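All chains are named by letter (A, B, ...) in the order of the sequence lines, taking the proteins before the strands, and each is independently numbered beginning at 1. Values reported hereafter were calculated over all heavy atoms of this structure, with side chains retained and with hydrogens, waters and symmetry mates removed. Bear in mind that the values here come from a model prediction, so they are computed numbers and not experimental data.
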Amino acid sequence: MKNSIQLILAIAFLGAFVFNDVFAQDSGQIAELKQIKQDVESLKPGKSRFLLRGYAHAGLEYHDEDDELTFVGGAFNPLFVYQQSDRLLFEAEVEMKFEENEFEIGLEFANISYILNETLIIRAGKIFVPFGIFTERLHPAWINKFPNFPLGYGHDGILPGTDLGVELRGAAHAGNLKYNYSIYAINGPQLDEGAEHEDDIGKLIYGNIRDNNKNKAIGGRIGIFPFSNSSLELGFSAQFAKVGSDNSEFNDIGANLYAFDLSYIKAIPAIKSVIDIKAQTNFINVDDADYPDPEDPTGVETFTFNNKSEAYFIQGSIRPSFVGNRFFQNMELAMRYSDIQTPEGAHWHTEEDQLDIGLNYWLDWRTVLKFTFRKSGQGVDESEEEHKESGNAFFVHWAIGF
Amino acid sequence: MKNIQIKELQLWAMVAALILFLSTVVISCSSTSQISAAKGGAQLWGENCLRCHNAPSPETFSDTEWDVAVMHMRIRANLTDEEADKVVDWLKTAN
(Lines give C-alpha, C1' and ligand atoms only; values in the text may rest on other atoms or scores of the structure.)
Protein backbone atom coordinates (compact mmCIF):
# COMPACT_ATOMS: atom_id res chain seq x y z
CA MET A 1 0.00 0.00 0.00
CA LYS A 2 2.80 2.33 0.96
CA ASN A 3 4.62 1.44 -2.25
CA SER A 4 1.52 2.23 -4.27
CA ILE A 5 1.17 5.66 -2.66
CA GLN A 6 4.82 6.40 -3.32
CA LEU A 7 4.39 5.35 -6.96
CA ILE A 8 1.35 7.58 -7.40
CA LEU A 9 3.17 10.52 -5.82
CA ALA A 10 6.19 9.92 -8.04
CA ILE A 11 4.02 9.83 -11.17
CA ALA A 12 2.16 12.95 -10.06
CA PHE A 13 5.41 14.75 -9.35
CA LEU A 14 6.89 13.68 -12.68
CA GLY A 15 3.68 14.69 -14.50
CA ALA A 16 3.69 18.07 -12.86
CA PHE A 17 7.34 18.54 -13.76
CA VAL A 18 6.81 17.54 -17.40
CA PHE A 19 3.64 19.64 -17.68
CA ASN A 20 5.41 22.60 -16.18
CA ASP A 21 8.33 22.12 -18.54
CA VAL A 22 6.03 21.83 -21.61
CA PHE A 23 3.98 24.78 -20.45
CA ALA A 24 7.10 26.82 -19.93
CA GLN A 25 8.34 25.77 -23.36
CA ASP A 26 5.00 26.73 -24.98
CA SER A 27 5.01 30.04 -23.17
CA GLY A 28 8.51 30.67 -24.42
CA GLN A 29 7.53 29.87 -28.00
CA ILE A 30 4.45 32.05 -27.75
CA ALA A 31 6.54 34.91 -26.44
CA GLU A 32 9.03 34.33 -29.22
CA LEU A 33 6.23 34.31 -31.81
CA LYS A 34 4.83 37.51 -30.35
CA GLN A 35 8.26 39.10 -30.62
CA ILE A 36 8.63 37.98 -34.24
CA LYS A 37 5.16 39.27 -35.03
CA GLN A 38 6.04 42.57 -33.39
CA ASP A 39 9.26 42.77 -35.39
CA VAL A 40 7.41 42.06 -38.64
CA GLU A 41 4.73 44.61 -37.81
CA SER A 42 7.42 47.19 -37.19
CA LEU A 43 8.77 46.57 -40.70
CA LYS A 44 5.35 46.84 -42.35
CA PRO A 45 5.36 49.89 -44.61
CA GLY A 46 3.04 52.77 -43.92
CA LYS A 47 0.76 54.33 -46.46
CA SER A 48 3.40 56.93 -47.35
CA ARG A 49 5.85 55.30 -49.75
CA PHE A 50 8.66 56.47 -51.99
CA LEU A 51 9.98 54.99 -55.21
CA LEU A 52 12.83 56.12 -57.41
CA ARG A 53 12.35 55.41 -61.07
CA GLY A 54 13.53 57.04 -64.29
CA TYR A 55 15.86 56.39 -67.16
CA ALA A 56 19.32 57.11 -68.50
CA HIS A 57 21.02 56.87 -71.85
CA ALA A 58 24.33 57.40 -73.60
CA GLY A 59 25.61 56.86 -77.09
CA LEU A 60 27.73 57.55 -80.12
CA GLU A 61 26.51 59.53 -83.14
CA TYR A 62 27.80 60.24 -86.62
CA HIS A 63 26.30 63.21 -88.50
CA ASP A 64 27.00 63.09 -92.21
CA GLU A 65 26.42 66.79 -93.05
CA ASP A 66 28.80 67.98 -90.35
CA ASP A 67 31.11 64.97 -90.78
CA GLU A 68 31.11 64.67 -87.02
CA LEU A 69 31.51 61.59 -84.87
CA THR A 70 30.85 62.23 -81.20
CA PHE A 71 29.89 60.57 -77.97
CA VAL A 72 26.64 62.01 -76.66
CA GLY A 73 24.25 61.63 -73.80
CA GLY A 74 25.26 60.71 -70.38
CA ALA A 75 21.70 61.87 -69.82
CA PHE A 76 20.08 60.95 -66.53
CA ASN A 77 16.39 61.44 -65.76
CA PRO A 78 15.50 60.36 -62.21
CA LEU A 79 11.78 60.19 -61.52
CA PHE A 80 10.76 60.63 -57.91
CA VAL A 81 7.42 59.04 -57.05
CA TYR A 82 5.97 59.64 -53.61
CA GLN A 83 2.70 57.97 -52.62
CA GLN A 84 1.27 59.81 -49.67
CA SER A 85 -1.87 57.73 -49.38
CA ASP A 86 -4.03 55.38 -51.43
CA ARG A 87 -5.33 58.41 -53.29
CA LEU A 88 -2.53 60.98 -53.30
CA LEU A 89 0.61 60.77 -55.40
CA PHE A 90 3.41 63.22 -56.14
CA GLU A 91 5.85 62.72 -58.98
CA ALA A 92 8.69 64.77 -60.36
CA GLU A 93 11.27 64.11 -63.03
CA VAL A 94 14.57 65.91 -63.25
CA GLU A 95 16.51 65.93 -66.49
CA MET A 96 20.28 66.17 -66.37
CA LYS A 97 22.31 66.21 -69.57
CA PHE A 98 25.12 67.81 -71.55
CA GLU A 99 23.95 70.24 -74.21
CA GLU A 100 26.27 72.33 -76.39
CA ASN A 101 29.27 71.65 -74.15
CA GLU A 102 27.37 72.67 -71.02
CA PHE A 103 25.77 70.71 -68.24
CA GLU A 104 22.04 71.33 -68.09
CA ILE A 105 19.58 70.43 -65.41
CA GLY A 106 15.86 71.00 -65.64
CA LEU A 107 12.60 70.03 -64.04
CA GLU A 108 10.88 67.96 -66.70
CA PHE A 109 7.63 67.74 -64.75
CA ALA A 110 6.39 67.88 -61.17
CA ASN A 111 2.78 67.38 -60.22
CA ILE A 112 0.37 66.14 -57.60
CA SER A 113 -2.41 63.69 -58.45
CA TYR A 114 -5.45 62.87 -56.38
CA ILE A 115 -7.77 59.96 -57.19
CA LEU A 116 -11.26 61.42 -56.73
CA ASN A 117 -13.11 58.22 -57.62
CA GLU A 118 -12.77 55.11 -59.77
CA THR A 119 -12.88 57.07 -63.00
CA LEU A 120 -11.68 60.54 -62.16
CA ILE A 121 -8.23 61.80 -61.19
CA ILE A 122 -7.25 65.42 -60.70
CA ARG A 123 -3.68 66.45 -61.34
CA ALA A 124 -2.03 69.82 -60.88
CA GLY A 125 1.45 71.22 -61.41
CA LYS A 126 3.83 70.86 -64.30
CA ILE A 127 2.36 68.12 -66.48
CA PHE A 128 2.99 66.44 -69.79
CA VAL A 129 0.34 67.97 -72.00
CA PRO A 130 -1.81 65.06 -73.20
CA PHE A 131 -1.66 66.12 -76.83
CA GLY A 132 -1.35 62.91 -78.81
CA ILE A 133 0.70 60.00 -77.53
CA PHE A 134 4.35 60.62 -78.31
CA THR A 135 5.30 63.24 -75.75
CA GLU A 136 3.36 61.84 -72.83
CA ARG A 137 4.03 58.14 -73.38
CA LEU A 138 6.74 57.38 -75.91
CA HIS A 139 9.57 59.89 -75.52
CA PRO A 140 11.62 58.34 -72.64
CA ALA A 141 14.83 56.91 -74.04
CA TRP A 142 14.12 53.35 -72.90
CA ILE A 143 10.62 53.43 -74.47
CA ASN A 144 11.36 55.35 -77.66
CA LYS A 145 12.35 52.85 -80.36
CA PHE A 146 14.87 55.37 -81.73
CA PRO A 147 17.56 57.58 -80.18
CA ASN A 148 16.00 60.67 -81.76
CA PHE A 149 12.52 62.22 -81.90
CA PRO A 150 10.24 62.51 -84.91
CA LEU A 151 10.38 65.87 -86.70
CA GLY A 152 8.48 68.56 -84.81
CA TYR A 153 8.80 67.01 -81.33
CA GLY A 154 11.19 67.81 -78.50
CA HIS A 155 12.11 70.92 -76.56
CA ASP A 156 12.42 73.10 -79.67
CA GLY A 157 9.58 71.49 -81.54
CA ILE A 158 6.31 72.92 -82.78
CA LEU A 159 4.15 70.79 -80.45
CA PRO A 160 3.19 71.02 -76.77
CA GLY A 161 5.50 69.29 -74.32
CA THR A 162 5.08 70.17 -70.67
CA ASP A 163 3.11 73.02 -69.15
CA LEU A 164 1.76 74.32 -65.86
CA GLY A 165 -1.89 73.81 -65.08
CA VAL A 166 -4.57 71.49 -63.86
CA GLU A 167 -5.94 68.34 -65.46
CA LEU A 168 -8.81 65.90 -65.01
CA ARG A 169 -8.10 62.44 -66.38
CA GLY A 170 -9.15 58.85 -66.08
CA ALA A 171 -10.34 55.73 -67.81
CA ALA A 172 -13.58 53.77 -67.79
CA HIS A 173 -15.87 51.56 -69.83
CA ALA A 174 -19.00 52.48 -71.74
CA GLY A 175 -20.51 49.02 -71.92
CA ASN A 176 -17.66 46.94 -73.24
CA LEU A 177 -15.91 49.86 -74.91
CA LYS A 178 -12.91 51.03 -72.93
CA TYR A 179 -11.86 54.65 -73.22
CA ASN A 180 -9.60 57.14 -71.50
CA TYR A 181 -9.85 60.89 -71.34
CA SER A 182 -8.11 64.03 -70.24
CA ILE A 183 -9.27 67.62 -70.05
CA TYR A 184 -6.99 70.38 -68.89
CA ALA A 185 -6.38 74.10 -68.42
CA ILE A 186 -2.77 75.26 -68.72
CA ASN A 187 -0.80 78.46 -69.24
CA GLY A 188 -0.52 77.43 -72.85
CA PRO A 189 1.71 78.40 -75.74
CA GLN A 190 2.89 81.93 -76.32
CA LEU A 191 3.31 83.72 -79.61
CA ASP A 192 6.90 84.60 -80.36
CA GLU A 193 6.59 88.31 -81.10
CA GLY A 194 10.19 88.61 -82.20
CA ALA A 195 11.51 90.34 -79.09
CA GLU A 196 14.41 87.94 -78.67
CA HIS A 197 14.61 85.94 -81.88
CA GLU A 198 13.40 87.92 -84.86
CA ASP A 199 13.59 84.90 -87.11
CA ASP A 200 11.12 83.00 -84.91
CA ILE A 201 8.40 85.63 -85.09
CA GLY A 202 4.98 84.02 -85.32
CA LYS A 203 6.18 80.73 -83.85
CA LEU A 204 4.59 79.21 -80.75
CA ILE A 205 6.73 78.90 -77.61
CA TYR A 206 5.80 76.06 -75.25
CA GLY A 207 6.57 75.18 -71.65
CA ASN A 208 6.34 78.70 -70.30
CA ILE A 209 6.75 79.18 -66.57
CA ARG A 210 4.80 82.47 -66.55
CA ASP A 211 1.84 83.15 -68.78
CA ASN A 212 1.84 86.21 -71.05
CA ASN A 213 -1.90 86.79 -70.72
CA LYS A 214 -4.91 86.02 -68.55
CA ASN A 215 -6.29 83.51 -71.02
CA LYS A 216 -5.68 79.86 -70.24
CA ALA A 217 -5.28 77.20 -72.88
CA ILE A 218 -8.09 74.62 -72.72
CA GLY A 219 -7.65 71.21 -74.22
CA GLY A 220 -8.17 67.54 -73.93
CA ARG A 221 -7.70 64.12 -75.41
CA ILE A 222 -9.99 61.15 -75.68
CA GLY A 223 -8.80 57.67 -76.60
CA ILE A 224 -11.01 54.70 -77.40
CA PHE A 225 -10.24 50.99 -77.61
CA PRO A 226 -12.48 49.49 -80.29
CA PHE A 227 -11.25 45.92 -79.67
CA SER A 228 -11.84 43.98 -76.47
CA ASN A 229 -8.14 43.02 -76.20
CA SER A 230 -7.11 46.72 -76.09
CA SER A 231 -4.74 46.16 -79.02
CA LEU A 232 -5.95 49.26 -80.87
CA GLU A 233 -6.26 52.73 -79.41
CA LEU A 234 -7.51 55.68 -81.43
CA GLY A 235 -7.11 59.16 -79.98
CA PHE A 236 -8.16 62.70 -80.72
CA SER A 237 -6.64 65.77 -79.06
CA ALA A 238 -7.49 69.45 -79.25
CA GLN A 239 -6.24 72.63 -77.61
CA PHE A 240 -7.48 76.22 -77.85
CA ALA A 241 -5.62 79.26 -76.57
CA LYS A 242 -4.96 82.96 -76.91
CA VAL A 243 -1.24 83.18 -77.50
CA GLY A 244 -0.45 86.90 -77.77
CA SER A 245 0.67 89.04 -74.84
CA ASP A 246 -2.04 91.06 -73.10
CA ASN A 247 -0.10 94.28 -73.58
CA SER A 248 0.79 93.82 -77.23
CA GLU A 249 -0.96 94.35 -80.55
CA PHE A 250 -1.16 90.55 -80.83
CA ASN A 251 -3.39 90.15 -77.77
CA ASP A 252 -6.27 88.79 -79.84
CA ILE A 253 -4.25 86.14 -81.69
CA GLY A 254 -5.47 82.64 -80.97
CA ALA A 255 -4.15 79.19 -81.75
CA ASN A 256 -6.02 75.93 -82.34
CA LEU A 257 -4.16 72.68 -82.22
CA TYR A 258 -5.51 69.26 -83.20
CA ALA A 259 -4.01 65.80 -83.27
CA PHE A 260 -5.08 62.31 -84.18
CA ASP A 261 -3.16 59.35 -82.87
CA LEU A 262 -3.14 55.59 -83.30
CA SER A 263 -1.55 52.79 -81.35
CA TYR A 264 -1.77 49.15 -82.37
CA ILE A 265 0.13 46.28 -80.79
CA LYS A 266 -0.56 42.64 -81.44
CA ALA A 267 1.10 39.27 -81.07
CA ILE A 268 0.94 37.42 -84.38
CA PRO A 269 1.52 33.70 -83.70
CA ALA A 270 1.81 32.91 -87.44
CA ILE A 271 5.06 34.89 -87.63
CA LYS A 272 6.04 34.28 -83.98
CA SER A 273 6.31 38.01 -83.47
CA VAL A 274 4.81 41.06 -81.86
CA ILE A 275 4.10 44.02 -84.11
CA ASP A 276 3.79 47.55 -82.78
CA ILE A 277 2.46 50.47 -84.83
CA LYS A 278 2.23 54.06 -83.64
CA ALA A 279 1.18 57.18 -85.51
CA GLN A 280 0.27 60.77 -84.78
CA THR A 281 -0.64 63.66 -87.02
CA ASN A 282 -0.79 67.25 -85.76
CA PHE A 283 -2.28 70.49 -87.05
CA ILE A 284 -1.27 73.84 -85.57
CA ASN A 285 -3.35 76.82 -86.70
CA VAL A 286 -2.45 80.30 -85.49
CA ASP A 287 -4.49 83.37 -86.45
CA ASP A 288 -2.88 85.51 -89.12
CA ALA A 289 -1.21 88.72 -87.99
CA ASP A 290 0.89 91.55 -89.41
CA TYR A 291 4.36 91.22 -87.94
CA PRO A 292 7.10 93.88 -88.08
CA ASP A 293 9.55 92.96 -90.82
CA PRO A 294 12.91 92.23 -89.14
CA GLU A 295 14.70 93.12 -92.36
CA ASP A 296 13.26 96.66 -92.38
CA PRO A 297 15.50 98.92 -90.24
CA THR A 298 12.76 101.58 -89.99
CA GLY A 299 10.37 99.10 -88.37
CA VAL A 300 7.50 100.40 -90.47
CA GLU A 301 7.16 97.54 -92.92
CA THR A 302 5.14 94.52 -91.92
CA PHE A 303 4.76 91.07 -93.31
CA THR A 304 2.30 88.25 -92.81
CA PHE A 305 1.91 84.60 -93.65
CA ASN A 306 -0.64 81.82 -93.37
CA ASN A 307 0.44 80.57 -89.93
CA LYS A 308 -0.43 76.90 -90.21
CA SER A 309 1.95 74.04 -89.46
CA GLU A 310 1.64 70.30 -89.72
CA ALA A 311 3.74 67.44 -88.48
CA TYR A 312 3.18 63.72 -88.43
CA PHE A 313 4.97 60.46 -87.88
CA ILE A 314 4.22 56.81 -88.37
CA GLN A 315 6.39 54.07 -86.93
CA GLY A 316 6.30 50.32 -86.90
CA SER A 317 8.38 47.66 -85.21
CA ILE A 318 8.48 43.90 -85.19
CA ARG A 319 10.05 41.67 -82.55
CA PRO A 320 10.18 37.87 -82.97
CA SER A 321 9.40 37.26 -79.30
CA PHE A 322 8.10 33.72 -79.84
CA VAL A 323 10.95 32.14 -81.80
CA GLY A 324 13.04 29.50 -80.05
CA ASN A 325 16.38 31.26 -80.29
CA ARG A 326 16.86 33.64 -77.38
CA PHE A 327 19.18 35.94 -79.32
CA PHE A 328 16.55 36.55 -82.00
CA GLN A 329 13.81 36.88 -79.37
CA ASN A 330 15.55 40.01 -78.15
CA MET A 331 15.99 41.60 -81.57
CA GLU A 332 13.64 44.29 -82.80
CA LEU A 333 13.44 45.90 -86.21
CA ALA A 334 11.89 49.38 -86.26
CA MET A 335 11.11 51.99 -88.91
CA ARG A 336 9.73 55.50 -88.59
CA TYR A 337 8.79 58.12 -91.12
CA SER A 338 8.20 61.70 -89.98
CA ASP A 339 7.36 64.91 -91.77
CA ILE A 340 7.06 68.57 -90.85
CA GLN A 341 5.75 71.60 -92.70
CA THR A 342 5.84 75.06 -91.17
CA PRO A 343 4.35 78.21 -92.75
CA GLU A 344 5.65 79.37 -96.07
CA GLY A 345 6.62 83.02 -95.70
CA ALA A 346 7.74 82.64 -92.09
CA HIS A 347 11.45 83.00 -91.39
CA TRP A 348 11.29 79.64 -89.64
CA HIS A 349 9.67 77.95 -92.63
CA THR A 350 10.74 74.40 -93.25
CA GLU A 351 9.51 71.40 -95.18
CA GLU A 352 11.35 68.29 -94.17
CA ASP A 353 10.87 64.61 -93.92
CA GLN A 354 13.06 61.80 -92.66
CA LEU A 355 13.20 58.07 -92.35
CA ASP A 356 14.67 56.26 -89.34
CA ILE A 357 15.59 52.61 -89.59
CA GLY A 358 16.60 50.90 -86.39
CA LEU A 359 17.79 47.58 -85.10
CA ASN A 360 17.34 47.22 -81.36
CA TYR A 361 18.63 44.54 -79.02
CA TRP A 362 16.87 44.17 -75.66
CA LEU A 363 19.24 43.09 -72.89
CA ASP A 364 16.23 42.80 -70.59
CA TRP A 365 12.74 44.28 -70.52
CA ARG A 366 14.00 47.81 -69.83
CA THR A 367 17.53 47.92 -71.22
CA VAL A 368 18.11 48.34 -74.93
CA LEU A 369 20.94 48.83 -77.39
CA LYS A 370 19.76 50.88 -80.37
CA PHE A 371 21.44 51.04 -83.78
CA THR A 372 19.67 53.60 -85.95
CA PHE A 373 20.29 55.02 -89.39
CA ARG A 374 18.54 58.31 -90.14
CA LYS A 375 17.95 59.11 -93.79
CA SER A 376 16.84 62.65 -94.46
CA GLY A 377 14.57 63.54 -97.31
CA GLN A 378 13.65 66.87 -98.83
CA GLY A 379 14.32 70.20 -97.20
CA VAL A 380 17.37 69.37 -95.13
CA ASP A 381 19.85 70.96 -97.52
CA GLU A 382 18.05 74.31 -97.22
CA SER A 383 18.19 74.26 -93.43
CA GLU A 384 20.78 76.56 -91.93
CA GLU A 385 20.52 74.86 -88.58
CA GLU A 386 23.09 72.42 -87.30
CA HIS A 387 22.30 68.93 -88.42
CA LYS A 388 21.73 67.44 -84.99
CA GLU A 389 17.98 67.25 -85.56
CA SER A 390 18.07 66.47 -89.27
CA GLY A 391 20.43 65.22 -91.94
CA ASN A 392 21.76 61.73 -92.50
CA ALA A 393 23.12 60.24 -89.31
CA PHE A 394 23.99 56.99 -87.59
CA PHE A 395 23.34 56.43 -83.89
CA VAL A 396 24.40 53.81 -81.39
CA HIS A 397 22.62 54.34 -78.09
CA TRP A 398 22.31 52.45 -74.86
CA ALA A 399 19.20 53.24 -72.82
CA ILE A 400 18.04 51.92 -69.49
CA GLY A 401 14.81 52.39 -67.56
CA PHE A 402 14.72 51.89 -63.83
CA MET B 1 -15.60 87.64 -90.85
CA LYS B 2 -13.03 84.86 -90.91
CA ASN B 3 -12.07 85.58 -87.29
CA ILE B 4 -15.71 85.42 -86.23
CA GLN B 5 -16.11 82.05 -87.93
CA ILE B 6 -12.99 80.71 -86.24
CA LYS B 7 -14.23 81.95 -82.85
CA GLU B 8 -17.60 80.28 -83.41
CA LEU B 9 -15.80 77.10 -84.37
CA GLN B 10 -13.70 77.30 -81.21
CA LEU B 11 -16.78 77.86 -79.10
CA TRP B 12 -18.60 74.89 -80.60
CA ALA B 13 -15.50 72.73 -80.24
CA MET B 14 -15.22 73.68 -76.56
CA VAL B 15 -18.91 73.02 -75.97
CA ALA B 16 -18.57 69.66 -77.73
CA ALA B 17 -15.52 68.82 -75.61
CA LEU B 18 -17.41 69.74 -72.44
CA ILE B 19 -20.46 67.67 -73.40
CA LEU B 20 -18.17 64.78 -74.29
CA PHE B 21 -16.40 65.03 -70.97
CA LEU B 22 -19.58 65.23 -68.90
CA SER B 23 -21.12 62.35 -70.85
CA THR B 24 -17.97 60.41 -70.23
CA VAL B 25 -18.16 60.92 -66.49
CA VAL B 26 -21.88 60.13 -66.30
CA ILE B 27 -21.64 57.02 -68.47
CA SER B 28 -18.53 55.78 -66.73
CA CYS B 29 -20.11 56.01 -63.31
CA SER B 30 -22.97 53.75 -64.33
CA SER B 31 -21.40 51.25 -66.66
CA THR B 32 -19.62 47.98 -66.20
CA SER B 33 -17.64 45.87 -68.60
CA GLN B 34 -18.18 42.14 -68.68
CA ILE B 35 -15.10 41.69 -70.85
CA SER B 36 -12.92 43.60 -68.42
CA ALA B 37 -14.34 41.71 -65.45
CA ALA B 38 -13.42 38.41 -67.09
CA LYS B 39 -9.78 39.38 -67.59
CA GLY B 40 -7.14 38.35 -65.08
CA GLY B 41 -4.24 40.40 -63.76
CA ALA B 42 -1.67 38.70 -65.97
CA GLN B 43 -3.66 39.42 -69.12
CA LEU B 44 -4.23 43.05 -68.15
CA TRP B 45 -0.54 43.39 -67.26
CA GLY B 46 0.38 42.29 -70.78
CA GLU B 47 -2.26 44.31 -72.60
CA ASN B 48 -1.71 47.59 -70.79
CA CYS B 49 2.06 47.66 -70.29
CA LEU B 50 2.82 46.66 -73.87
CA ARG B 51 0.92 49.62 -75.26
CA CYS B 52 3.98 51.76 -74.48
CA HIS B 53 6.83 49.55 -73.33
CA ASN B 54 7.82 45.95 -72.60
CA ALA B 55 5.85 44.33 -69.79
CA PRO B 56 7.94 44.58 -66.60
CA SER B 57 9.19 41.50 -64.84
CA PRO B 58 7.25 40.96 -61.58
CA GLU B 59 10.61 40.40 -59.86
CA THR B 60 11.59 44.01 -60.49
CA PHE B 61 9.95 45.37 -57.35
CA SER B 62 8.78 44.29 -53.92
CA ASP B 63 5.08 44.27 -52.99
CA THR B 64 5.37 47.71 -51.45
CA GLU B 65 7.18 49.12 -54.46
CA TRP B 66 4.62 47.64 -56.84
CA ASP B 67 1.88 49.52 -54.97
CA VAL B 68 3.62 52.80 -55.81
CA ALA B 69 4.67 51.83 -59.33
CA VAL B 70 1.18 50.68 -60.33
CA MET B 71 -0.48 53.74 -58.81
CA HIS B 72 1.97 55.87 -60.81
CA MET B 73 1.12 53.93 -63.97
CA ARG B 74 -2.60 54.04 -63.26
CA ILE B 75 -2.37 57.82 -63.54
CA ARG B 76 0.24 58.02 -66.30
CA ALA B 77 -1.20 55.32 -68.56
CA ASN B 78 -4.87 55.85 -67.74
CA LEU B 79 -5.61 52.41 -66.30
CA THR B 80 -9.04 51.83 -64.86
CA ASP B 81 -9.37 51.25 -61.14
CA GLU B 82 -10.25 47.59 -61.72
CA GLU B 83 -7.29 47.07 -64.07
CA ALA B 84 -4.83 48.62 -61.62
CA ASP B 85 -6.10 46.45 -58.74
CA LYS B 86 -5.88 43.23 -60.74
CA VAL B 87 -2.45 44.04 -62.16
CA VAL B 88 -0.93 44.91 -58.78
CA ASP B 89 -2.42 41.78 -57.17
CA TRP B 90 -0.96 39.62 -59.91
CA LEU B 91 2.48 41.29 -59.75
CA LYS B 92 2.58 40.74 -55.98
CA THR B 93 1.71 37.09 -56.46
CA ALA B 94 4.24 36.54 -59.22
CA ASN B 95 7.23 38.42 -57.84
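Both the backbone and the side chain of B/A69 come within less than 4.5 Å of a heavy atom of chain A. Both the backbone and the side chain of A/E118 come within contact range of chain B, with heavy atoms under 4.5 Å apart. Of the atoms belonging to A/F134, not a single heavy atom falls under 4.5 Å from chain B. B/D67 touches chain A through backbone and side chain together, each having a heavy atom under 4.5 Å away. For A/I133, no part lies under 4.5 angstrom from a heavy atom of chain B. Proximity to chain B (any heavy atom under 4.5 Å) is restricted, for A/R87, to the backbone atoms N, CA, C and O. Proximity to chain B is absent for every atom of A/I127, based on heavy atoms less than 4.5 angstrom apart. Neither the backbone nor the side chain of A/N144 comes within contact range of chain B; no heavy atoms are under 4.5 Å apart. With a 4.5 angstrom heavy-atom cutoff, A/L88 touches chain B only via backbone atoms. Within the 4.5 angstrom heavy-atom criterion, only side-chain atoms of A/I121, from C-beta onward, approach chain B. With a threshold of 4.5 angstrom between heavy atoms, A/S230 approaches chain B through its backbone and through its side chain. For A/Y264, no part lies near chain B; criterion is any non-hydrogen pair under 4.5 Å.
For the atom pair CE of B/M73 and CZ of A/R53, the computed distance is 7.0 Å after rounding to the nearest 0.5 Å. A/E233 CD to B/C52 SG: the interatomic distance, rounded to the nearest 0.5 Å, is 8.0 Å. To the nearest 0.5 Å, the span separating CZ on A/F225 from CG on B/N48 amounts to 7.0 Å. With rounding to the nearest 0.5 Å, the separation of OG in A/S113 from CE in B/M71 is 7.5 Å.
Looking only at distances, a side-chain donor or acceptor of B/R76 sits under 3.5 Å from a matching main-chain atom of A/E136.
For the pair A/F50 and B/V68, the minimum side-chain heavy-atom distance is 4.5 Å or more. Residues B/Q43 and A/N229 have side chains not in contact (no heavy-atom distance under 4.5 Å, counting atoms from C-beta outward). Looking at heavy atoms from C-beta onward, A/T119 lies out of side-chain contact with B/D81 at the 4.5 angstrom threshold. Within the 4.5 Å cutoff, the side chain of A/L51 has heavy atoms near those of the B/F61 side chain.
Shortest non-hydrogen contact noted between A/W365 and B/P56 is CH2-CB, 3.3 Å.
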Checklist entry - Is there a side-chain contact (heavy atoms from CB on, under 4.5 Å) between A/I115 and B/R74 once you walk through the steps? => result CA-CA 10 Å; A/I115 299 174; B/R74 178 189 170 184; 3.3 Å; yes
Checklist entry - side-chain contact (heavy atoms from CB on, under 4.5 Å) between A/L232 and B/R51: does it pass, once the steps are laid out? => result CA-CA 9 Å; A/L232 176 67; B/R51 282 214 310 275; over 6 Å; no
Item to check | Steps toward side-chain contact (heavy atoms from CB on, under 4.5 Å) verdict (B/T60, A/R366) | outcome: CA-CA 10 Å; B/T60 307; A/R366 53 184 175 172; 3.3 Å; yes
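Per-residue heavy-atom pair counts under 4.5 Å with chain A were compared for B/I75, B/N54, B/N78, B/T64, and the maximum is reached by B/N78.
Atom CD of B/E59 is surrounded by 12 or fewer heavy atoms from other residues, nucleotides or ligands within 6.0 Å.
We find that B/E83 and A/K178 are joined by a salt bridge, their nearest charged nitrogen and carboxylate oxygen being less than 4.0 Å apart.
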